[in-house]
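Working notes, structure below.
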There are 2 protein chains.
Amino acid sequence: MDIQLKRGILDACVLAAIKNDDSYGYQIIKDMKPYLELSESTLYTILKRLETAEMLTVRSQEHDGRLRKYYHITEKGRARIEEFRRDFQEILSIYQFITREETENE
Amino acid sequence: MDIQLKRGILDACVLAAIKNDDSYGYQIIKDMKPYLELSESTLYTILKRLETAEMLTVRSQEHDGRLRKYYHITEKGRARIEEFRRDFQEILSIYQFITREETENE
DNA sequence: TGTGACACATCGTATCACGAAGTATATCGC
DNA sequence: GCGATATACTTCGTGATACGATGTGTCACA
């Protein structure tokens with residue numbers, strides 16, 4: 001998948017991954033894998049950014065002697081998903097523009 | 001529109017704007033305006049990049065005493081549009097993932 | 001004992017959209 | 001004739017950001 005195309009959906013995608021249940025980095029990667037592959041360095045960068053933007057909150061919790069950081073979506077985060085949904089409607093009309101075939105003899 | 005989301009479609013969009021007929025910078029901006037606003041600095045950067053990538057060719061031509069650079073799409077350019085079309089199918093399924101509502105009581 | 005899964009972190013790099021500013025010509029109103 | 005506006009292309013600097021490489025540490029299993 002083209003990197004530039006990926007860029008636009010990553011934030012919304014990560015937020016969507018924790019939309020229903022809190023989750024942690026490693027799990028998020030596994031959940032998204034069927035749809036979209038992303039490396040750990042990329043994900044943690046995104047999570048940090050979303051935290052700074054107050055779209056999610058973090059809580060550390062030990063699990064089998066290993067640290068896990070659970071991420072919880074905020075209202076701002078949900079709003080971000082909604083914004084993505086709206087933007088995507090525009091994208092769809094641009095997609096039509098890009099892929100339309102020239103009809104008749106103009 | 002979110003810049004990151006825009007990034008992914010810009011190249012394909014510009015190529016689509018010259019897909020049927022050769023065109024020049026100023027005209028391309030006007031044609032795309034109903035779908036997508038972009039500044040001159042952005043467009044010319046993209047055109048240069050697409051030329052380097054051999055997705056289009058350029059020919060200078062004088063018009064009313066002013067220089068115009070006409071851009072012509074190549075086979076590689078058309079292939080790029082096709083690639084976009086394929087990638088977009090993936091994007092659609094990710095869109096489903098992002099926007100799906102949790103059903104029943106899980 | 002070592003290999004692989006789990007889990008998170010940091011650093012450097014390359015890509016890229018865009019605003020700002022510049023150059024130059026043509027047209028139109030006053 | 002003069003200023004404003006449209007046409008047309010260019011260059012520079014900056015900020016955002018995905019990702020590979022690399023590192024830290026734990027746990028399970030053979």
Side-chain angles (χ1 to χ4, degrees), chain A residues 1-15 17-18 22-33 35-53 55-56 58-71 80 84 87 90-91 94, chain B residues 1-15 17-18 22-33 35-53 55-56 58-71 80 84 87 90-91 94:
Chain A
M1 157 107 60
D2 176 61
I3 274 193
Q4 304 305 322
L5 204 52
K6 210 172 166 181
R7 276 173 105 101
I9 58 170
L10 272 176
D11 281 19
C13 207
V14 169
L15 287 169
I18 60 167
D22 294 358
S23 187
Y24 56 96
Y26 219 78
Q27 184 63 41
I28 293 172
I29 288 176
K30 279 200 276 182
D31 288 344
M32 286 176 48
K33 198 155 199 164
Y35 302 97
L36 189 66
E37 304 241 356
L38 83 174
S39 67
E40 296 177 53
S41 64
T42 300
L43 177 64
Y44 290 112
T45 302
I46 293 170
L47 287 170
K48 190 82 77 177
R49 183 170 65 238
L50 292 175
E51 187 191 353
T52 303
M55 293 184 184
L56 48 77
V58 193
R59 134 181 78 88
S60 286
Q61 194 167 314
E62 201 173 309
H63 178 85
D64 284 342
R66 271 197 291 268
L67 178 78
R68 272 188 190 166
K69 295 178 80 172
Y70 282 88
Y71 297 91
R80 179 67 186 80
F84 172 79
D87 278 351
E90 281 185 62
I91 295 289
I94 298 169
Chain B
M1 156 106 60
D2 176 60
I3 274 193
Q4 303 306 321
L5 202 52
K6 210 173 166 181
R7 275 173 105 100
I9 58 169
L10 272 176
D11 281 18
C13 208
V14 169
L15 287 169
I18 60 167
D22 293 359
S23 188
Y24 56 96
Y26 218 78
Q27 185 62 41
I28 293 171
I29 289 177
K30 280 201 276 183
D31 289 344
M32 287 176 50
K33 199 154 199 165
Y35 302 97
L36 189 66
E37 303 244 356
L38 82 173
S39 68
E40 296 177 51
S41 64
T42 301
L43 177 64
Y44 290 112
T45 303
I46 294 170
L47 286 169
K48 190 82 77 177
R49 182 170 66 239
L50 292 175
E51 187 191 352
T52 303
M55 293 186 184
L56 49 77
V58 193
R59 133 180 78 88
S60 285
Q61 194 168 313
E62 202 174 309
H63 179 84
D64 284 340
R66 270 196 293 266
L67 179 78
R68 271 188 189 166
K69 294 178 80 171
Y70 282 89
Y71 297 91
R80 179 68 186 80
F84 172 79
D87 278 351
E90 281 186 61
I91 294 290
I94 297 168

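Computed from a predicted structure; not experimentally measured. A, B, ... follow the sequence lines: proteins, then strands. Residue 1 opens every chain.
Separating the CZ atom of A/Arg68 from the C1' atom of C/dA9 is a distance of 18 Å, rounded to the nearest angstrom. Atom CD1 of B/Ile28 is separated from atom P of D/dT7 by 15 Å (rounded to the nearest Å). Distance, A/Gln61 CD to C/dC8 P: 12 Å, rounded to whole Å. Atom CD in B/Gln27 sits about 13 Å away from atom C1' in D/dA6, given to the nearest Å. One interatomic measurement links the two molecules: CG of A/Leu50 to P of C/dC8, which rounds to 15 Å at whole-angstrom precision. B/Asp2 has its CG atom 14 Å from the C1' atom of C/dC16, to the nearest Å. Distance OH (B/Tyr26) to P (D/dT10): 14 Å, rounded to an integer number of Å. The CD atom of B/Gln4 sits 10 Å away from the P atom of C/dC18 (whole-angstrom rounding).
Near-neighbour residues of DNA chain D inside residues 37-46 of chain B, defined by a heavy atom below 4.0 Å, number-ordered: B/Glu40, B/Ser41, B/Tyr44.
Within 4.0 Å (heavy atoms only), B/Arg7 reaches at least one base atom of the nucleic acid.
Under a 3.5 Å cut-off, the side chain of A/Lys6 and the backbone N or O of A/Glu37 do form a donor-acceptor pair. Panel note: side chain A/Asp87, backbone B/Asp2; a donor-acceptor pair is recorded below 3.5 Å. Using modelled atom types, no side-chain atom of A/Thr42 and backbone atom of A/Leu38 make a donor-acceptor pair closer than 3.5 Å. The closest donor-acceptor contact from the side chain of A/Asp31 to the backbone of A/Ala17 lies at 3.5 Å or more, if one exists at all.
With a 4.5 Å cut-off on side-chain heavy atoms, A/Leu50 and A/Tyr71 do not count as touching.
Using modelled atom types and a 3.5 Å distance limit, the side chains of A/Gln61 and A/Arg68 yield no donor-acceptor pair. Using modelled atom types, one finds no donor on one side chain facing an acceptor on the other under 3.5 Å when comparing B/Arg59 with B/Tyr70.
At C/dC6, one or more side-chain N or O atoms of A/Lys30 fall inside 4.0 Å of OP1 or OP2 (strictly under the cut-off). Taking side-chain N and O atoms only, A/Lys6 has no distance below 4.0 Å to OP1 or OP2 of D/dT17. Listed pair A/Lys48 / D/dT17 fails the phosphate criterion, with no side-chain N or O lying under 4.0 Å from OP1 or OP2. For C/dA7, the OP1/OP2 oxygens have a side-chain nitrogen or oxygen of A/Tyr24 closer than 4.0 Å.
Atom CD1 of B/Ile9 is separated from atom CG of B/Leu36 by 5.0 Å, given to the nearest 0.5 angstrom. Between the SG atom in B/Cys13 and the CD1 atom in B/Ile28 there is a gap of 10.5 Å [rounded to 0.5 Å].
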Name the pairs: protein N/O against N/O of nucleotides 23-27 of chain C, kept only if under 3.5 Å.
unit_1, atom_1, unit_2, atom_2, d
C/dT25, O2, B/Arg66, NH1, 2.9
C/dA26, O4', B/Arg66, NH1, 3.0

